[in-house]
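Only one structure is covered here, and it is reproduced in the block below.
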2 protein chains.
Amino acid sequence: MTTDPLRLGIAGLGTVGVGVLKILRDQADLIAARAGRPVTVTAVSARNRDTDRGVAIDGFDWEDDPVVLAARDDIDLFVELMGGADGPAKAATEAAIAAGKDVVTANKAMLAHNGHALAEAAEAAGRVIRFEAAVAGGIPVIKALTEGLAANRIERVMGVMNGTCNYILTRMQATEQGYNALFDEAAKLGYLEADPNLDVGGIDAGHKLSLLAAIAYGTRVDFDNVELEGIQAVTLEDIRQAADMGYRIKLLGVAQMSGRGLEQRMQPCLVPAASPLGQLEGGTNMVVIEGDAVGQIVLRGAGAGAGPTASAVLGDVIDIARGFRVSTFGQPAADLRKARPARAAVPAPYYVRLSLLDKPGALAKVATVLGDNGISIDRMRQYDHAATTAPVLIVTHRTTRSALDEAVAGMAETGVVQGDPVVLRIEEV
Amino acid sequence: MTTDPLRLGIAGLGTVGVGVLKILRDQADLIAARAGRPVTVTAVSARNRDTDRGVAIDGFDWEDDPVVLAARDDIDLFVELMGGADGPAKAATEAAIAAGKDVVTANKAMLAHNGHALAEAAEAAGRVIRFEAAVAGGIPVIKALTEGLAANRIERVMGVMNGTCNYILTRMQATEQGYNALFDEAAKLGYLEADPNLDVGGIDAGHKLSLLAAIAYGTRVDFDNVELEGIQAVTLEDIRQAADMGYRIKLLGVAQMSGRGLEQRMQPCLVPAASPLGQLEGGTNMVVIEGDAVGQIVLRGAGAGAGPTASAVLGDVIDIARGFRVSTFGQPAADLRKARPARAAVPAPYYVRLSLLDKPGALAKVATVLGDNGISIDRMRQYDHAATTAPVLIVTHRTTRSALDEAVAGMAETGVVQGDPVVLRIEEV
């Protein structure tokens, strides 16, 4: 093993990049002791050289162009912290690989969209790409899934992986305010991305799920087939009703392989209030991995922020300094299969809320439609008629989403249901 | 990277050893794909060749002597699953290292007592010892602490790491039965070691804590300085009172470095009922790692059983097959410092339960003794006198254990307290 310094080039000096520089400055001895060699920074790149970042960068070479930085002869490892699915992040990552550098990145969008091609390029060049920081911030979940649990056939991977969404949902329940008010609160606190749809639309969390699925099932990253549903349509009424029945609503990502193919869902789900996922409040992240040998493993921690994300970046850096080399998605890219996408193939109980018109036999008609579609009812509640409609809550026994969709279409034809029913999956955890 | 098979010699074919053989048989392709090379078994050793284990072993060479097995020319990696601090396990591990083999073990007792010497021997020979399965079963906590969180100065490591104790304590609360009844139940269910004191005396969990502390703080394993207190003295009364105040009693291990030195405690503690540790029921394990950058990471999963433990063993095996090499305790053994042991140096609130004699001014005397020792009271409750004594519960503000011990000694001198007060630390999590 070499004891020469591992020389980094870091592109992107936002919150995470600055966090990485601070840890490298403050914990240099600790990191050298653990890595078996010093970890140093040779050069950096960012949009603006003169921003006050609270950390001195004049000891490092400066590059205006991250692509030039990535290919410098005097760096061993390129740390990509710019973000963005394409553009400079991708160009610089490709340049680093072409120049024979290993890469550590926090960029979930780039890997969700280009991960397979980048993994192929890296492996052809004998280089590694590591991305612990791209999924669930400081939680070492990529490591757990790729390495620690590598002897398991993975049965299900689930996660609450967008802290902003979990913040909004748990605050809705705690404060009895609606989605819009809490969205505004999250915006004021700076919890939202520049494009908030990345958060509340489930896209950011969907990127992460697609990376976990690739590792878990040995398949090519397939973000395009993640079923995406954001939290914008979650109402206070549903949060209340769910709580009343012992559930919490979470934006939950689930990746599961069945005989029908690979299912990747990112959608609001009900989970038992007493489960680890149900108990998760605020901006914290949680990933649940179920393996045939290990059973259920739950990992919980901060999903964002300078410290946690920098911790994950540097965990990868120290691995590389120690000489660890593992394929990007845990197997050689050439061996990753193209997964057949399956939509909600795994049956589950569902929560259905609808507005029933005040007509004779209305409830019976709804129940009949469910029965005709092979769906049996676990629990049903009808409340007082407010004006002309009455809220009705139904929890079904396990059924497929397609049977339920047909039942919902059938309900519309009965003429006793006003508007579209709310349908939420109950994930059994 | 070689693609030659990694050839194992496995000593010990109890539950875990058989679990390992079954996974290697059933998931050979998956493991080869992930490891980048086949993982095969060359030879095995156990006490009795003819036991029916539910898995065929006639395809492997048999060795009566694990020491001979460990040194065979045709194995690359010795898997030690016999158990025991010394004796054959240690002799075979030493033989394996001397013969240039890497070692994977699930043996917490051996490492707690001989880990430093074994680590030195392995590093002198250029070999690695990995022991994920020795701590918290299937949870990849050694990996998280050694690798994923390697950029963190660790502030505290805590864990509920003996499922049997947690089973007994949570069943005491659920069934309102006392310790002895639940001890008998656990024995009937086969949850107890042959020497039950290993479980209920906290020794097994203490072994695990000493290994976590060594990695976390870069210190030599120091099991002798783990403060050990088992669960035998935990009463139903304390469990009820703790619950009533919003706490749960757990056998909690805590390792923490302060200016005074390294503190390693394994003892019944109160933790908030709403915290992840407080919510942990039954035989499940949980480890909480707090780092300066990452904040709090919580890992939860099965702490025992064939599948989870075999999953951890094979995670280590796959790491070695992939060419990962890390020092036993995360840093070269020669760099590990001898820690100065500290006893309960970190202040905490405490729970105190005592029996107050029915004498005038009795409560005032107890309160005065606490005040004289600089201890302020957060909450106090006195109940009706049953016959001649009244139960009194006190929750103190943060104080040191030494101040509290002096106060308790002072209480005895007042003549108003019957018997020894129960004193339990409240760990703030």
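Within every chain, numbering begins at 1; the chains are lettered A, B, ... in the order of the sequence lines, protein sequences first and strands thereafter.
- When A:Gln296, A:Glu132, A:Gln279, A:Arg153 are compared by the number of non-hydrogen pairs under 4.5 Å with chain B, A:Gln279 comes out ahead.
- Both the backbone and the side chain of B:Pro308 come within contact range of chain A, each with at least one heavy atom under 4.5 Å from a heavy atom of that chain.
- Within the 4.5 angstrom heavy-atom criterion, only side-chain atoms of B:Ile23, from C-beta onward, approach chain A.
- Here the CD atom belonging to A:Gln331 is positioned 7.0 Å from the CG atom belonging to B:Leu30, to the nearest 0.5 angstrom.
- For a residue to count as touching a neighbouring chain, one of its non-hydrogen atoms must lie under 4.5 Å from one of that chain's; by this rule B:Leu299 touches chain A with backbone and side chain alike.
- For chain A, the option among B:Gly126, B:Ala144, B:Gly148 with the highest count of heavy-atom pairs below 4.5 Å is B:Gly148.
- Both the backbone and the side chain of A:Ala150 come within less than 4.5 Å of a heavy atom in chain B.
- Chain A forms the most heavy-atom pairs under 4.5 Å with one residue out of B:Ala310, B:Ser327, B:Gly307, B:Pro276, and that residue is B:Gly307.
- Distance check: A:Glu147 CD to B:Asp316 CG gives 11.0 Å after rounding to the nearest 0.5 Å.
- When each of A:Arg300, A:Lys22, A:Gln27 is scored by its heavy-atom pairs under 4.5 Å with chain B, the top score falls to A:Arg300.
- Looking at B:Ala33, the atoms closer than 4.5 Å to chain A (heavy atoms on both sides) sit in the backbone and in the side chain alike.
- Of all the heavy atoms in A:Ala151 and B:Ile318, the pair that sits closest is N-CD1, 3.7 Å.
- From B:Lys143, atom NZ reaches atom NZ of A:Lys143 across 4.5 Å, with rounding to the nearest 0.5 Å.
- Per-residue counts of heavy-atom pairs under 4.5 Å with chain A were compared for B:Asn152, B:Leu280, B:Ile139; the largest is that of B:Asn152.
- Shortest non-hydrogen contact noted between A:Gly138 and B:Leu149 is O-CD2, 4.0 Å.
- For B:Leu145, no part sits under 4.5 Å from any heavy atom of chain A, backbone or side chain.
- Close approach to chain B, defined as a heavy atom under 4.5 Å from one of its heavy atoms, is seen in A:Asp292, A:Ala293, A:Val294 of residues 281-294 of chain A, taken by number.
- Taking chain A as the reference chain and counting heavy-atom pairs below 4.5 Å, the highest number among B:Gly301, B:Gly305, B:Gly330, B:Gly19 is found for B:Gly330.
- Between B:Arg34 and A:Ile215, the closest heavy-atom pair is NH2-O, 4.3 Å.
- Taking B:Val39, B:Thr146, B:Asp335 one by one and counting their heavy-atom pairs under 4.5 Å with chain A, the maximum is reached by B:Thr146.
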